[in-house]
Amino acid sequence: MGRREPCHRNSNHGDSTDSRAASDNHCRITWRDTLTMDLSQVELKKTVNLPKTDFGMKANLAQLEPKLLEKWRASGLYQKIRQSSAGRPRYVLHDGPPYANGNIHLGHVFNKTLKDFIVKSKTMSGFDSPYVPGWDCHGLPIEIKVDAELGSKKAQMTPAQIRKACRAYAQKYVDLQKKDFMRLGVFGDWDHPYLTMDARYQSVIAHAFVDFLDQGYVYKGLKPVHWCMRCRTALAEAEVEYENHSSPSIWVRFPLTSDAGALDAALAGRNVYGLIWTTTPWTIPANMAIAYHPKFEYSAVESNGPGSDVYLVATDLVQATKETCGWESSEELARFAGRKLEGAVFRHPFIERDSGGILADHVTLEQGTGAVHTAPGHGQEDYVVGVQYGLDVYCPVDVDGRLYHTENAVGRLPETLVGKTVWEANPLVIELLRERGALLAEKKIDHSYPHCWRCHRPTIFRGTEQWFIGMDRNGLREKALAAIRRIKWMPAWGEDRIYNMIASRPDWCISRQRMWGVPIVVFTCTGCNRMLTEKALLDHVVDQFMTGTADVWYEKTAKELLPEGTSCAHCNGAEFTKEKDILDVWFDSGSSHLAVLNEEFGLEWPAELYLEGGDQYRGWFHSSLLVAVGLKGDAPYRECATNGWTLDGEGKAMSKSIGNVVEPDKIIKQHGAELLRLWVTSVEFHEDVRISDTILTRLTEAYRKLRNTLRYTLGNLHDFDPVYDMVPAGEMLEIDQWILTRAGQLVERCRAWYGEFAFHRVYQALYNFATTDLSAIYFDVLKDRLYTAAPNARARRSAQTAMYRIHLALVRLMAPLLTFTCEEAWQHTRRPAGSPESVHLTLFPDPEELTAGLSAEHRARAANWEQLMELRETVLKSLEVARQEKFIGAPLEARLVLRAGSDVAPLLHQYGGDLAALFIVSEVALESQPAAGLSVRVERAGGVKCERCWKYTRDTGANPRLPTVCQACAEAVVEMLAGQTA
RNA sequence: GCUACCGUAGCUCAAUGGUAGAGCAGCCGACCGAUAAUCGGCCGAUGAAAGUUCGACUCUUUCCGGGAGCACCA
């Protein structure tokens with residue numbers, strides 16, 4: 001490393017700040033001048049090497065970020081990252097598709113930013129980590145919105161036209177959301193995202209269904225749904241509005257036909273009845289069971305004195321029932337837990353059918369008798385418990401809400417009811433019950449009841465045919481549970497959560513009576529009413545989706561869709577009808593691993609990681625798992641992580657009605673996306689997280705600190721060229737070696753935390769390092785050396801070398817988090833030759849980069865400095881006392897006299913020469929007289945204050961040509977002036 | 001109602017069952033060569049109550065508060 005010519009050599013390291021201006025001030029002075037000139041005329045202030053950089057203190061992120069985004073786009077940065085990562089080990093985070101409806105909210109920001117942290121940190125850890133974003137485009141919410149937009153026009157439109165309108169609507173929001181996601185600085189293949197409505201994706205979905213069907217998972221069954229008999233349609237939960245409604249409520253008795261003595265000896269030989277209460281008399285014909293709560297207590301009571309009829313009523317409701325039914329007495333003959341009634345047999349009051357005693361947890365004691373009339377064809381809970389007990393989903397009500405004789409019914413519907421609507425049937429049923437002596441009481445009741453959102457008529461629950469995937473077919477449930485055990489869940493409780501869900505969930509109802517989605521590809525033979533389910537035929541149809549989208553199902557006839565000459569295997573008929581239902585949207589998004597983790601996207605199955613909000617245990621994690629286990633035999637992800645909910649500052653959920661919604665757009669406009677990223681960085685993301693003005697203010701300050709840290713290193717490196725100025729680590733000052741070992745530890749810890757996705761720990765560590773290790777200690781101590789030593793002095797170059805290493809490490813270590821700021825800093829950094837144009841093309845620093853060149857002995861000496869730092873705290877406290885007493889102002893006004901015990905005295909003596917600098921005082925004296933621990937005496941510094949370095953020295957004025965300056969400064973100034981012309 | 005989750009200082013985070021630590025904020029001060037910066041000092045907490053234990057932020061139970069999913073109002 002030779003002598004150089006700072007004035008004339010140009011930097012060839014990119015567009016980094018130059019730098020030479022501070023020196024330029026002196027370029028006009030010649031060497032000859034320094035020998036003769038009156039040095040007292042030199043402006044001393046200009047001989048101080050202050051930091052200098054174009055990297056602004058103010059970020060102006062709102063303006064800067066769009067510029068960087070455009071630069072990245074124009075330079076094809078994402079593609080460059082792909083190229084430079086090619087061949088490295090793969091790490092694929094598969095994106096869960098947000099729903100293409102509405103603007104993005106903070107929850108989206110949270111999730112997408114976390115994904116970006118993972119992808120970027122994996123990339124910088126040496127993985128090839130592509131990111132293909134996607135959107136969920138089908139489904140009811142979009143269809144409803146489009147319905148509303150179309151209004152009355154919809155009636156004249158074909159299904160294919162309506163679907164086109166839905167597609168346009170979804171595309172609009174895909175584009176909108178895409179813009180917002182990109183604005184966050186999330187890197188990904190935004191030009192080629194996956195959409196569930198893509199022709200190719202739709203064909204994957206339909207093929208997946210056909211495969212499920214072909215492998216025997218799928219069956220058609222009955223399930224009660226909300227039904228509007230005026231609109232003659234099933235309604236989704238979102239299409240139901242609850243309004244007040246007046247219903248007849250009735251108390252009905254069912255004679256016990258099984259052995260009463262088995263319940264309790266006291267009941268042997270008595271006339272015992274089950275007693276139910278209902279507000280829907282028309283469902284009595286469909287009664288299949290009476291449900292009791294297993295844990296409630298039930299009483300068998302005599303209603304009218306000794307020897308009269310006995311009723312089984314929940315003990316807590318005996319009194320109320322007695323009053324309602326007008327009983328004269330309620331003598332309790334026996335009392336037992338509800339679980340004893342399981343298996344009891346009752347007789348339907350007017351149909352030739354038994355009604356069994358069953359147990360159900362949904363039974364309550366709020367109203368009625370504690371015994372619930374159970375009609376699986378007419379109620380959700382009745383259905384669920386009915387499935388458990390193997391009850392028929394009996395629904396003798398047609399699409400118009402009229403009762404009719406169904407096939408294979410047990411017991412015959414009374415003819416008086418047949419053909420009547422359920423509302424007409426209510427009084428008739430009541431009359432029938434009264435005739436049979438089964439009606440004990442009747443009362444009007446006003447309650448909230450589901451109504452159709454369109455016609456506002458009351459709806460009913462009606463058992464309808466739906467398509468299901470059987471959880472216990474082919475061992476689907478068992479295989480899914482086994483797969484769950486093999487996945488790494490983060491946090492760990494996720495495993496139990498989804499395990500319990502899968503273990504207890506009912507069969508998957510995959511059909512929807514809707515238009516905007518992927519059709520269930522099945523045909524029915526009009527001749528014999530049998531279904532056409534042959535895989536080869538259905539595949540032929542689905543293949544047409546690949547080019548024409550699933551719209552072809554609606555645009556073509558069955559004949560056009562099916563291969564020519566297709567005929568029914570049973571009746572040889574050639575006429576078929578198309579299935580009308582579409583698939584559940586969860587089946588669509590649950591198939592994303594099939595549609596995306598393939599050659600088309602350059603990805604492999606399965607993914608390494610899924611990361612979504614906790615709601616997705618019931619959603620995408622769940623459906624993806626079932627589709628994958630069903631068709632591929634294993635889970636589509638090896639690891640599964642959850643992020644929490646975003647709440648307001650009080651920990652309350654955000655809602656429009658409360659008005660506590662925090663809009664990401666507003667924050668971005670005000671503070672920049674970087675601040676949102678920093679917020680995501682700062683919190684423990686597995687838990688619910690808060691955001692508020694207080695939090696944003698804190699983060700703004702933290703951001704400034706981190707930014708200023710980079711600014712300060714850049715500013716002090718303005719005249720440092722690593723090629724010429726680097727000091728070998730082994731020759732550096734010990735405190736410089738110390739900070740490098742600290743930085744090395746920081747890098748090591750942060751990299752481990754990145755590996756665990758513990759971004760908040762990275763943040764805390766970085767922030768603490770910046771505030772404490774650097775700003776409060778190292779930089780503060782360094783100022784004297786950096787500012788007052790001659791620019792090329794060995795001690796100053798030593799400090800700059802440490803700063804340079806640290807700067808290069810920090811800017812890369814933070815790049816996944818502060819994506820914009822680090823890129824900006826990278827452009828201002830005098831980078832090593834051959835380093836990439838973008839910080840996002842670099843790898844994380846290695847701890848060894850910080851400490852390279854330090855021997856074990858050097859590192860051991862760094863430990864001495866840890867001790868010295870502890871002593872420094874004690875010293876600072878003493879200085880503070882002196883300051884409070886107005887004895888000193890600036891610490892340089894002080895002279896310290898230290899006395900120490902035998903534990904630290906050797907250390908103090910060893911580093912005696914470094915202590916004044918470390919404590920930033922003018923002089924430190926050590927007294928040999930021992931003291932307990934460390935005793936600090938603060939005195940006024942002796943000597944005269946040097947105008948340049950502000951230290952009090954005894955040699956100030958020693959150089960007559962520079963009378964206001966200490967000897968060291970005088971030498972530095974002369975060297976500087978001389979250096980300009982060498 | 002059911003299932004799992006969360007609760008440490010004003011804020012964000014730490015603490016193998018073993019003395020509850022940071023940073024920021026706040027308050028007081030210093031500096032005026034990182035200046036819409038920088039430095040120092042001080043103040044401050046385990047949601048509540050029982051229990052297990054020599055010892056509990058940590059384990060158990062109950063309660064309170066918060067959020068999530070599911071189900072439901074016959």
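Side chains are part of it too, since the values below use all heavy atoms of this structure and drop only hydrogens, waters and symmetry mates. Chain letters run A, B, ... following the sequence lines, proteins first and then strands; every chain starts at 1.
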*Using modelled atom types only, decide if a donor and an acceptor are shared between the side chain of Arg704(A) and the backbone of Lys58(A) within a distance under 3.5 Å.*
no
*Do the side-chain N and O atoms of Tyr703(A) and Thr821(A) include a donor-acceptor pair separated by under 3.5 angstrom?*
yes
*asked:* Need one value for Arg761(A): base, sugar-phosphate or nothing, where a base atom within 4.0 Å counts as base even if backbone is also close, heavy atoms only.
replied: sugar-phosphate
*Are OP1 or OP2 of U35(B) and a side-chain N or O of Arg711(A) less than 4.0 angstrom apart?*
yes
_Regarding Asn708(A), tell me which of base, sugar-phosphate or nothing describes its non-hydrogen contacts under 4.0 Å with the strands shown._
base
*Decide yes or no, distance alone: a donor-acceptor N/O pair under 3.5 angstrom between the base of A74(B) and the side-chain of Ser249(A).*
no
*So, for Tyr617(A) and Gly494(A), which heavy atoms are closest and what is the spacing to 0.1 Å?*
OH-CA, 3.2 Å
*asked:* Quick check: closest heavy atoms across Thr279(A) and His447(A), and the distance to 0.1 Å?
replied: OG1-CE1, 3.9 Å
*Whole-Å distance between G10(B) P and Leu699(A) CG?*
18 Å
_nucleotides 21-29 of chain B: protein proximity per nucleotide (B base, S sugar-phosphate only, - neither; heavy atom, under 4.0 Å)_ = -BSBS---S
*Taking the nucleotide of RNA chain B with the closest heavy atom to each, which residue, His760(A) or Thr788(A), is nearer the 5' end?*
His760(A)
*Kindly point out which of C11(B), G67(B), A74(B) is positioned nearest to the side chain of Thr364(A)?*
A74(B)
*Nearest to the side chain of Lys652(A), which nucleotide is it out of G67(B), G69(B), G33(B)?*
G67(B)
*asked:* For the backbone of Asn768(A) and the side chain of Asp773(A), can you confirm whether one donor and one acceptor N or O come within less than 3.5 Å of each other?
replied: no
*Considering only side-chain heavy atoms of Lys877(A), which listed nucleotide, G66(B), G41(B), A34(B), is closest?*
G41(B)
*Measure the distance between the ring centre of Tyr499(A) and the centre of the six-membered base ring of A4(B), then answer whether it is under 5.5 Å with planes under 30°.*
no
*Look at all strands and tell whether Gln367(A) reaches a base, only sugar-phosphate, or nothing, counting heavy atoms closer than 4.0 Å.*
base
*Donor-acceptor pair, Tyr394(A) side chain versus Pro285(A) backbone, under 3.5 Å?*
no
*asked:* Classify His686(A) by what it touches in the nucleic acid, base, sugar-phosphate, or nothing, heavy-atom distance under 4.0 Å.
replied: nothing
*Would you kindly give the CG-to-P distance between Asp648(A) and C6(B), to the nearest whole Å?*
21 Å
_Under 4.0 Å, heavy atoms only, any strand: does Lys705(A) hit a base, just the sugar-phosphate, or nothing?_
sugar-phosphate
*Indicate whether OP1 or OP2 belonging to A74(B) is found under 4.0 Å from a side-chain N or O atom of Thr279(A).*
yes
*Classify the nucleic acid contact of Gly651(A) as base, sugar-phosphate or nothing, counting any heavy atom under 4.0 Å across all strands shown.*
sugar-phosphate
*Base, sugar-phosphate alone, or nothing: which one does His362(A) contact when heavy atoms must sit under 4.0 Å apart?*
nothing
*How is Gly368(A) classified with respect to the nucleic acid when contacts are heavy atoms under 4.0 Å: base, sugar-phosphate, or nothing?*
nothing
*Among C39(B), A68(B), G33(B), the nucleotide that comes nearest once only the side chain of Ala776(A) is considered*: C39(B)
*Base, sugar-phosphate alone, or nothing: which one does Arg872(A) contact when heavy atoms must sit under 4.0 Å apart?*
nothing
*Given atom CZ of Arg618(A) and atom C1' of C70(B), what is their separation to the nearest angstrom?*
6 Å
Show me the donor-acceptor pairs within less than 3.5 Å that the side chains of residues 776-784 of chain A make with the rest of the protein, sequence neighbours left out.
from	atom 1	to	atom 2	distance (Å)
Tyr778(A)	OH	Asp736(A)	OD1	2.5
Asp784(A)	OD1	Thr788(A)	OG1	3.4
Asp784(A)	OD2	Lys951(A)	NZ	2.9

*Nearest to the side chain of Trp493(A), which nucleotide is it out of A14(B), A4(B), G33(B)?*
A4(B)
*Row check, Tyr787(A) ring normal vs Arg948(A) NZ/CZ: under 6.0 Å, within 45°*: no
